[in-house]
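Structure first, then comments.
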Amino acid sequence: LWVEISRASGFENEKDALLIKLKSLEAEVATLNKEKMSVWKEVREVYHVLKAICPHEWKRESYPYAPLYCSICGYEKP
């Protein structure tokens, strides 16, 4: 009986440690996601400026319903 109790308490300690580790990893992922979103926001801003100043050379791939895109900046015409 004592072995079972010590195993159970060991399991509880291990479970608690793993839950704490999981929460810290989830917090780290949330922080990284916020950083990633701020970088993508900067990318979008640069893309919009580039789109505004680019002289646009429109190209189309050779498959059906291929979108028009600029071969210089990569902007796709809607």
Side-chain angles (χ1 to χ4, degrees):
L1 182 65
W2 177 252
V3 172
E4 289 177 14
I5 292 172
S6 66
R7 279 189 197 159
S9 67
F11 173 74
E12 290 295 320
N13 291 337
E14 186 178 355
K15 183 183 79 164
D16 292 340
L18 288 172
L19 287 174
I20 291 169
K21 178 74 173 174
L22 180 63
K23 286 182 182 181
S24 71
L25 290 173
E26 287 174 345
E28 187 177 345
V29 166
T31 303
L32 291 172
N33 281 337
K34 286 180 185 177
E35 291 175 13
K36 183 175 78 170
M37 292 306 294
S38 68
V39 169
W40 276 114
K41 183 178 179 183
E42 290 179 35
V43 168
R44 281 192 308 271
E45 290 171 2
V46 169
Y47 188 67
H48 286 298
V49 171
L50 179 62
K51 183 178 85 170
I53 64 174
C54 182
H56 297 308
E57 291 182 11
W58 299 109
K59 303 283 183 184
R60 187 185 303 267
E61 295 293 328
S62 61
Y63 61 89
Y65 304 105
L68 280 174
Y69 70 94
C70 175
S71 63
I72 299 171
C73 70
Y75 174 70
E76 280 191 11
K77 218 173 198 182

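Computation of the quantities below employed the complete heavy-atom set of this structure, encompassing side-chain atoms and omitting hydrogens, waters and symmetry-equivalent molecules. In this text the structure is predicted, and so the values were computed from the model without any measurement.
Remark: Lys21 NZ to Leu18 CG distance equals 9.5 Å, nearest 0.5 Å. For the atom pair NE2 of His56 and SG of Cys73, the computed distance is 5.0 Å after rounding to the nearest 0.5 Å. With values rounded to the nearest 0.5 angstrom, Lys15 atom NZ is found 11.5 Å from Ile20 atom CD1.
At least one side-chain heavy atom of Arg44 sits under 4.5 Å from a side-chain heavy atom of Lys41. Between Glu42 and Val46 there is no side-chain heavy-atom pair separated by less than 4.5 Å.
Residue Tyr69 forms a side chain to side chain contact (heavy atoms under 4.5 Å, CB included) with just one option from Lys77, Glu61, Arg60, and that option is Glu61.
Through chains of ILVMFWY side-chain contacts below 4.5 Å, Tyr75 is grouped with Tyr47, Trp58, Leu68.
Residues satisfying the side chain to side chain donor-acceptor pair (under 3.5 Å) test with Glu26, not counting sequence neighbours, are none.
In this structure, Ser71 and Lys59 approach most closely via the heavy-atom pair CB-CG, 3.6 Å.
Atom CD of Glu45 is surrounded by more than 12 heavy atoms from other residues, nucleotides or ligands within 6.0 Å.
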